[in-house]
2 protein chains.
Amino acid sequence: MPERSSVQQVYSVVLDRICLLKYPPHTLLREGELAREFGMSRTPIREVFLRLALMGLVASRNGVGTFVTGMDYLGYRDIYPLRMKVAELIGDLSPRSVTSRDIDRVVRLEERARGLQAAFDAREYWDLNHALHFTIGSLIGNSALRDLWDRYYYQTARIWYAIAERDAADTAESFVAEIEGTLRGLRADDLKAVGYVQRNGIAVTMRKVMEEVNPDTGEWLREPPRLTALRRTTG
Amino acid sequence: MPERSSVQQVYSVVLDRICLLKYPPHTLLREGELAREFGMSRTPIREVFLRLALMGLVASRNGVGTFVTGMDYLGYRDIYPLRMKVAELIGDLSPRSVTSRDIDRVVRLEERARGLQAAFDAREYWDLNHALHFTIGSLIGNSALRDLWDRYYYQTARIWYAIAERDAADTAESFVAEIEGTLRGLRADDLKAVGYVQRNGIAVTMRKVMEEVNPDTGEWLREPPRLTALRRTTG
DNA sequence: CCGCCCGTAGCTGCATACAGCTTGCACCGA
DNA sequence: TCGGTGCAAGCTGTATGCAGCTACGGGCGG
């Protein structure tokens, strides 16, 4: 069972679990437990936790444990506008030119996305969004900008994933439209257009997120089970 | 001698040493050595190194050691345009309003900066720049943007510090002008103006940096001793 | 004299033992 | 019965021992 893994692999797995809400906010993660699962000692797990902590996704409390952070309204309020700006810069800062491979890849994503309209599947939606994100990311020539593109993606992934499930039909439709717009931009080798399409998609999500909170208190108006579950990983 | 310190304190100290070129590029840092200096074990030092590695300021090689990274031309070429964009956003994303305390602080900085014109001192210049940076940073309301403001500052600090010493007179003069412009913006409670003044200052530095490299090879044209010194910290 | 090879020193990465802190529960007294 | 106190379990943070890797240098062969 305990197969050896590298720090990078464990980081990816735990990151995915947090973003996919398999580890919902406030979940207690224990170093020893993950160490056993991945067949390594606590030391590399601590490194994974530190990296996740610097991403703002977990926080350790001495003597207590390491918790998945809550979805903080104030954090999203700050990150989303910046994420939109980053999208606007995609076509601005030395973009890579589009190849037919890129287009083919997105065409295939479009087909799969249309399938979502018939039967929505959260996991499939996640995979498609993931693929689209990294395809676009690969076109960003500026490495620092690409880092931000990824960073803010992961920092906001949980909340859009949670919200996507609220209104599956609308989510699927918007997603197909987003891919179509992206494709138009790619075919024109107009990465600025691609960036603006992304910006608009992010803006729509941000609006949805902000509609979920009480602007005075900053509290979430309704909390689906997946956001509130305070479960231990044992059991 | 070995006084106990926290991880955060050690991180700050080592970060300063790297930015101030007390640890020049390619310096070999040993975990055990720093552990002894700060009176702790290798474990927290490793955490410091990991954080510095994620900032791109050090890199560990198994079996060899942890090195201060070189000043990579390609990295600066990517970071500077982004840093300029960040400066442009300062007045855009929910800035805090300016208080008289802020203005007073910068006024004092201006006085000290004028002293630099008479007698340039690299360390004093560093301190002033540091103070100005954080004063402006404190006016950024968007926490994510402030993180970037700090992050890119530290990632580019070494190179402008190295270049500042090249032409002390010009550096001092530009710096005074920058503070004057900043003060005008602050007094008008116009943080956008402050951001643009910063942007312009960053652009000037970037131009100076780019003039130092061969655009074909990416190699530095002339390497002052402080940039090339490959010394061990022992001795 | 030059080049190859192997041994060794010393570093990082990992595993593990220990210390300190936090929390919850049980027990005791009023 | 209720409140307070102390203890114990379990976690993170730290120290330290160990394994694996790399670089360097001396010695040997050509």
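Naming convention: chains lettered A, B, ... in sequence-line order (proteins, then strands); numbering from 1 in each chain. Side chains are part of it too, since the values below use all heavy atoms of this structure and drop only hydrogens, waters and symmetry mates.
- Within 6.0 Å of the CZ atom in B:Arg77, the count of heavy atoms belonging to other residues, nucleotides or ligands does not exceed 12.
- With a 6.0 Å cutoff to the six-membered ring centre and a 45° limit on the axis angle, A:Arg83 does not count as a cation-pi contact of A:Tyr152.
- Distance CE (A:Met40) to P (D:dA19): 19 Å, rounded to an integer number of Å.
- One can place CG of A:Leu29 at 18 Å from P of D:dG10, the figure rounded to the nearest angstrom.
- Under a 4.0 Å N-O distance rule, the pair A:Asp167/A:Lys208 does not qualify as a salt bridge.
- Between A:Asn62 and B:Ser60, it is B:Ser60 whose nearest contact on DNA chain C lies nearer the 5' terminus.
- One interatomic measurement links the two molecules: CZ of B:Arg46 to P of D:dA15, which rounds to 14 Å at whole-angstrom precision.
- Checked by atom type and distance alone, the side chain of B:Asp102 pairs as donor or acceptor with a backbone atom of B:Thr99 at under 3.5 Å.
- If you take CZ of A:Phe67 and C1' of D:dC11, they are 9 Å apart, rounded to a whole angstrom.
- At whole-Å resolution of the value, CG in A:Leu34 and C1' in D:dT12 are 14 Å apart.
- Side-chain nitrogen and oxygen atoms of A:Thr66 include at least one within less than 4.0 Å of the OP1 or OP2 phosphate oxygen of D:dT12.
- Ring centroid separation for the pair B:Tyr125 and B:Trp160 comes in under the 6.0 Å cut-off.
- Distance, A:Glu47 CD to D:dT12 P: 16 Å, rounded to whole Å.
- Once rounded to the nearest 0.5 Å, the distance linking SG of A:Cys19 with CD1 of A:Ile159 reads 12.0 Å.
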Polar-atom pairs under 3.5 Å, protein N or O versus N or O of nucleotides 16-18 of chain D: list them with distances, or write none.
| from | atom 1 | to | atom 2 | distance (Å) |
| --- | --- | --- | --- | --- |
| D:dT16 | O4 | B:Thr43 | OG1 | 3.4 |

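- Side chain of A:Asn142 to backbone of B:Asp78: a donor-acceptor contact under 3.5 angstrom is found.
- Here the side chain of A:Arg61 is nearest to one of C:dT12, C:dC14, C:dT23, namely C:dT23.
- Atom CG in A:Leu28 sits roughly 12 Å away from atom C1' in C:dT22 (whole-Å rounding).
- B:Arg30 places its CZ atom 14 Å from the C1' atom of D:dT22, with the value rounded to the nearest Å.
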